[in-house]
Amino acid sequence: MGIVKVDLCARILPDDHKCYFVFPGRGYKYFDFMMENGVVFIDLPNLPNELFLGKGEEEDNIEREQLIRNGVVRSILYRRWIGIADNISFEEYYAANFERACQQSRTINSYIGFLNNIYLKIDKGSLFILPAPSISGDVMIGEFLDEPSIVENIESPELPGVVYTVRRVKWLRRIEKYKLNGEILRRIASPNPVRLIEKSLYKYIYDIAYGQYKYRDHYCIRIDTDSVVFGFSDNLILNLFIIDSIRHSAEVANYGFDFGESKFSMGNIERLEGLLEQRITINSPGSIIISAKSVIPFIIAVQFATCSAVAADSAVPDVVITNSIQNDDVAKSCSIGLEEEVRAGMRMAGYDDWRDRCIKQRRLEIQGKMKTQTRGIVMK
């Protein structure tokens, strides 16, 4: 019996995970700059570095609030001064306009809120959407790479001496704006620099950004197809493969399913609708989303990758599961539990069931041009 090492490639999200809209500056003018440099920031030039030191020290809260307020005022004035820099030095302009600028409390308070959010509050790993200007343009979906208050300075490519305080990000997906659903499109156009997204939209965003993930009690995988024609027979084989993959699963047994000697029955198929959700967006090419309030979608993805890695007539292999997307204790715990579940189910399946499953997988992979994010390799 061989061993197949399966990379789950799944994001295991914390229960308090959050998603945001980040706006790329007035008139979308920093979209390209943010995208090319892997950063996001607020249009507040030359913020003092000391604003981002000593976060969380309660004894300094009053002093810190005043420091942030003065820093925001100075930055707002610097941005206004840039347009008239040939006529007056910044220090002269600052001294002449500081008192009046301090009276604009609403503007200052708004920018303080944006600054606190994007630089000091948004957690590492939080997801965000960055929109391009036109409806035919792209939307970037990314993750914050560092903990709050870990920032860098980047010089403006257009304005010598102008520095922006930025947070590093990792781009996950690029998608045309018009392909997003109406709820996202209605909310995305607001020019506020940073806004929290409603939780009701999280699963839709995760489907696009990650494809394969766990969020609270929700497990999800995305199966992509490059087939020009994804027809009835392809969909039938896919669903038969799904049934084969979960037939001996303890998760399915926990829901009271008993397939017996037959691979499926009409009664069981109808009941499976309450256990698994399948969403098909086949536009040749397209995707199939499989989700459930159990680990079953992950079992399907691991079975698909395992079948892909071995010869169709091979013996039932052993499986070792890793997760290159995330290697922390939470992800490892999920992989260990999944590994035990898959091993138990494959031991019960036997050679004939395993061979039949592999034949279906080959049909899906070759003729249906289907693939999951999960990858399997045979270990020597």
Side-chain angles (χ1 to χ4, degrees), residues 19-52 55 65 67-86 88 90-91 93-94 97-98 100-122 126-134 137-146 148-169 171 177 187-197:
C19 301
Y20 298 85
F21 290 120
V22 174
F23 202 75
R26 191 174 302 174
Y28 300 83
K29 66 178 178 178
Y30 297 116
F31 177 82
D32 289 336
F33 184 69
M34 290 182 180
M35 181 189 65
E36 292 166 5
N37 289 277
V39 299
V40 292
F41 57 91
I42 298 175
D43 188 7
L44 288 173
N46 292 9
L47 286 169
N49 288 334
E50 54 265 30
L51 296 188
F52 309 100
K55 175 179 176 283
E65 287 175 8
L67 184 68
I68 291 174
R69 192 171 193 86
N70 289 343
V72 167
V73 171
R74 184 178 181 86
S75 183
I76 291 172
L77 288 173
Y78 194 91
R79 192 175 63 188
R80 294 173 183 172
W81 167 79
I82 288 171
I84 58 171
D86 292 339
I88 185 174
F90 173 67
E91 294 306 326
Y93 181 82
Y94 177 79
N97 291 276
F98 176 76
R100 185 170 56 183
C102 286
Q103 296 172 12
Q104 298 173 345
S105 297
R106 185 173 180 179
T107 299
I108 296 168
N109 290 337
S110 293
Y111 273 107
I112 289 173
F114 299 142
L115 182 151
N116 279 324
N117 274 329
I118 204 164
Y119 295 123
L120 304 176
K121 291 183 179 179
I122 296 179
S126 294
L127 200 69
F128 70 95
I129 295 177
L130 183 79
S134 67
D138 291 328
V139 164
M140 303 298 296
I141 302 177
E143 273 185 345
F144 285 85
L145 281 176
D146 301 307
S149 79
I150 297 178
V151 298
E152 297 182 17
N153 289 333
I154 289 186
E155 291 187 4
S156 167
E158 302 170 345
L159 303 169
V162 174
V163 172
Y164 289 103
T165 300
V166 305
R167 283 190 67 178
R168 290 286 174 187
V169 299
W171 300 121
K177 190 190 290 187
R187 290 163 170 76
I188 207 171
S190 171
N192 287 341
V194 57
R195 288 175 295 134
L196 186 65
I197 297 176

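Below, all heavy atoms of this structure are taken into account, side chains as well, without hydrogens, waters or symmetry copies.
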Can you find a pair of side-chain heavy atoms, one from [X] and one from [Y], that are under 4.5 Å apart?
X	Y	result
L196	N117	no
Y78	V162	yes
R74	N46	no
F23	F114	no
I122	V194	yes

If you compare all heavy atoms of [X] against all heavy atoms of [Y], which two are closest, and at what distance to 0.1 Å?
X	Y	value
P148	L120	CB-O, 3.3 Å
V39	F33	CG2-O, 4.5 Å
S75	P45	OG-O, 2.8 Å
L47	G71	CD2-O, 3.9 Å
L67	L51	O-CD2, 3.3 Å
L115	I42	N-CD1, 3.4 Å

From [atom1] ([X]) to [atom2] ([Y]), nearest 0.5 Å:
X	Y	atom1	atom2	result
I129	I197	CD1	CD1	4.0 Å
L77	Y94	CG	OH	7.0 Å
Y93	I84	OH	CD1	5.0 Å
N97	C102	CG	SG	10.5 Å
D32	N37	CG	CG	10.5 Å
N70	E65	CG	CD	12.0 Å

Test log, rule side-chain contact (heavy atoms from CB on, under 4.5 Å), inputs F98 and V73: CA-CA 8 Å; F98 176 76; V73 171; 3.8 Å; yes
Donor-acceptor pair, distance only, cut-off 3.5 Å: does the side chain of [X] make one with the backbone of [Y]?
X	Y	answer
W171	M140	no
S126	C19	no
K177	P131	no
R167	D146	yes
W81	E91	no
S110	R106	yes
Y119	T165	yes
R187	F21	no

Under 3.5 Å side-chain donor-acceptor pair for N109 and R69: yes
Whether F144 and F128 hold their rings parallel, tilted or perpendicular, with breakpoints at 30° and 60°: tilted
Stepwise side-chain contact (heavy atoms from CB on, under 4.5 Å) test for R168 and I154: CA-CA 11 Å; R168 290 286 174 187; I154 289 186; 3.9 Å; yes
By ring pair (Phe, Tyr, Trp, His ring centres under 6.0 Å) - contacts of Y20 (at least two apart): none
Pair Y164 and Y30, ring centroids less than 6.0 Å apart: yes
Within 6.0 angstrom of E155 CD, more than 12 heavy atoms from elsewhere: no
